[in-house]
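Below is one structure, written out as structure tokens; the observations come after it.
A note on names: the letters A, B, ... follow the listed sequences, proteins ahead of strands, and every chain is numbered from 1.
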Protein chains: 4
Amino acid sequence: MRLHIEASNGIPIYEQICRQVKFAVANRALQVGEHVPSVREMAGQLAVNPNTVSRAYRDLQAAGVLIPIRGTGLAVTPEAPAKCKSERLDLIRDRLRLVLAEAHYNQITDDEIRQLVESELHRLNSDVTENSPLPVTTEEHA
Amino acid sequence: MRLHIEASNGIPIYEQICRQVKFAVANRALQVGEHVPSVREMAGQLAVNPNTVSRAYRDLQAAGVLIPIRGTGLAVTPEAPAKCKSERLDLIRDRLRLVLAEAHYNQITDDEIRQLVESELHRLNSDVTENSPLPVTTEEHA
Amino acid sequence: MRLHIEASNGIPIYEQICRQVKFAVANRALQVGEHVPSVREMAGQLAVNPNTVSRAYRDLQAAGVLIPIRGTGLAVTPEAPAKCKSERLDLIRDRLRLVLAEAHYNQITDDEIRQLVESELHRLNSDVTENSPLPVTTEEHA
Amino acid sequence: MRLHIEASNGIPIYEQICRQVKFAVANRALQVGEHVPSVREMAGQLAVNPNTVSRAYRDLQAAGVLIPIRGTGLAVTPEAPAKCKSERLDLIRDRLRLVLAEAHYNQITDDEIRQLVESELHRLNSDVTENSPLPVTTEEHA
DNA sequence: GTGGTCTAGACCACG
DNA sequence: GTGGTCTAGACCACC
């Protein structure tokens, strides 16, 4: 369970946690019945306030992804993998759609978009090999 | 000058206005010296708070895209087209980068991403022909 | 909009707020489109922390009862009355069920239960006329 | 001694145990001098943490309902039946009061409340005969 | 002015 | 040990 929080890409931390837990479940990095790191532990790892993690976990409970096991923590529900897998691409698609729509409605051609996508994919793949944990210095809006 | 505000796609309204004015300048839909609609008129068109338009125009002045003409309103500066053209793809790239990074760091494969992109591009193109809420291709651009 | 928070009846404050807003909508004490008191104002009235009110309002947004109007506050959605009316008795029923189940499974007879109910109803009605700690000023159309 | 724990009806498990032991004493299902099941046995039956049972028994000792018999376990005290009988309806009344108060202060009419009560009583009575999830009457007249 | 996010820390309930 | 609630207060973004 390694999460990658970006100190601000416009998405609130609690939601980044939320999304990434869902991705982890979809990817089987988190198995059914497995406990998610405790609020305090996760907060320590990410160097964020426990309340922030708590809120993310609360949202995940509301989404039926986590279930509280009294006194022991929060576990992945049996229904979670199905939910998360079906959501997996949607979570990305929804964000992508907004970006592409702006481009499209402002006369960026499909080919220009494809070129941007390829160049960014290339960049991400090189980052991985080089190491660069947080190369993106940009901000969504400020 | 038709702008397309989305009630909330995560980007503040004033910035949506700002970006779209820049795109319009880059696309020559707004010519040098041409006046931008007055704050009140634009606010009426978009059904947003005049303060919001005002803020966008302020930012555009700070960016050197607009310049106040005493008593008549705000006009596109001579330097604007160059600035806006060079920014054109960067504005999109910055947003795109954030989305792709999330996908990448969560085990979405490059091919899945490409597929999402293509399906969204297809969707956007059909929207235009089918119901065309925003007839971007309509004009002139010589 | 007078809410009656009980310092602790076992139900968290934010949920008491949540439930009572729903009741108010169901009772037409809160009309569609009407703004709910601001977080800070409500917090002042109830003498609770603004975050507590904020959480209640957040839950109400998630439930589709409130919708944020940028910069101006939170308004009752058009769908809210239907939702709240249909929930009105359910909210009570769910709590009631738990109490009655305990009684029933522990050999309290139906008649004893009815007697308790009547005596408590009587008590509540006299409270209102005698010292009325919470003079429900609402307006009952039906 | 069959107890009926509900995973979460808002009342902590230890208190559910506590209350139900009291009801059992009041109902003579538990006689003076009789031993209550051991912590481990009860914990096994209810599938709860032994600490939880332990806490319930501790509270019952504090209430003078149980008394430790060296080396053998916990027995019902001679004073218990009187105490429990007098508490019997109060335990229910206190919970009922909170529910009815909420209903009353939110414009639920007395008649609506009575109707809810009757429908829930009916429901409970049919449950017993139909599928009996909790066969309190134990023996099947079938 | 509005709500939203985040931090910090106290306290409680439960196991 | 776990999570949940609540308080307090800072800071931000938006209108």
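- To the nearest 0.5 Å, atoms CG (A:L66) and CD (A:E34) are separated by 11.0 Å.
- Atom-to-atom, CG of B:N51 to P of E:dT2 comes out at 16 Å; the value is rounded to the nearest Å.
- The line from CD of C:E102 to CZ of D:R95 is 4.5 Å long, rounded to the nearest 0.5 Å.
- The residue A:N49 sits close to a base: some heavy atom pair falls under 4.0 Å.
- At the heavy-atom level, A:Y57 lies nowhere under 4.0 Å from the strands shown.
- In this structure, A:V48 reaches the sugar-phosphate backbone alone: every heavy-atom distance under 4.0 Å involves primed, P, OP1 or OP2 atoms, never a base.
- Nucleic acid contact for D:I13: sugar-phosphate only, since backbone atoms but no base atoms lie under 4.0 Å from a heavy atom of the residue.
- The pairing partner recorded for E:dC14 is F:dG1, the criterion being a Watson-Crick or G-U wobble arrangement whose two distances lie under 3.5 angstrom.
- In this structure, OH of C:Y14 is placed 13 Å from P of F:dT7, rounded to the nearest angstrom.
- Judged by distance alone, with hydrogens and angles left aside, C:R58 brings no side-chain donor or acceptor close enough to the base of E:dG4 to form a pair under 3.5 Å.
- Residue C:Q61 is in sugar-phosphate contact alone, with no base atom involved, counting any heavy-atom pair closer than 4.0 Å across all strands shown.
- At the heavy-atom level, A:P68 lies nowhere under 4.0 Å from the strands shown.
- Rounded to whole Å, atom P of F:dC15 lies 20 Å from atom CZ of B:R40.
- Put simply, CG on A:L74 is 14 Å from C1' on E:dG15, counting in whole angstrom units.
- Residue C:V39 has its side chain nearest to E:dG3 when only E:dC6, E:dG3, E:dC14 are considered.
- Along DNA chain F, the nucleotide nearest C:P12 and the nucleotide nearest A:G71 are compared for position; the residue whose nucleotide lies closer to the 5' end is A:G71.
- Residue contacts shown for C:R55 are limited to sugar-phosphate atoms, with no base heavy atom under 4.0 Å away.
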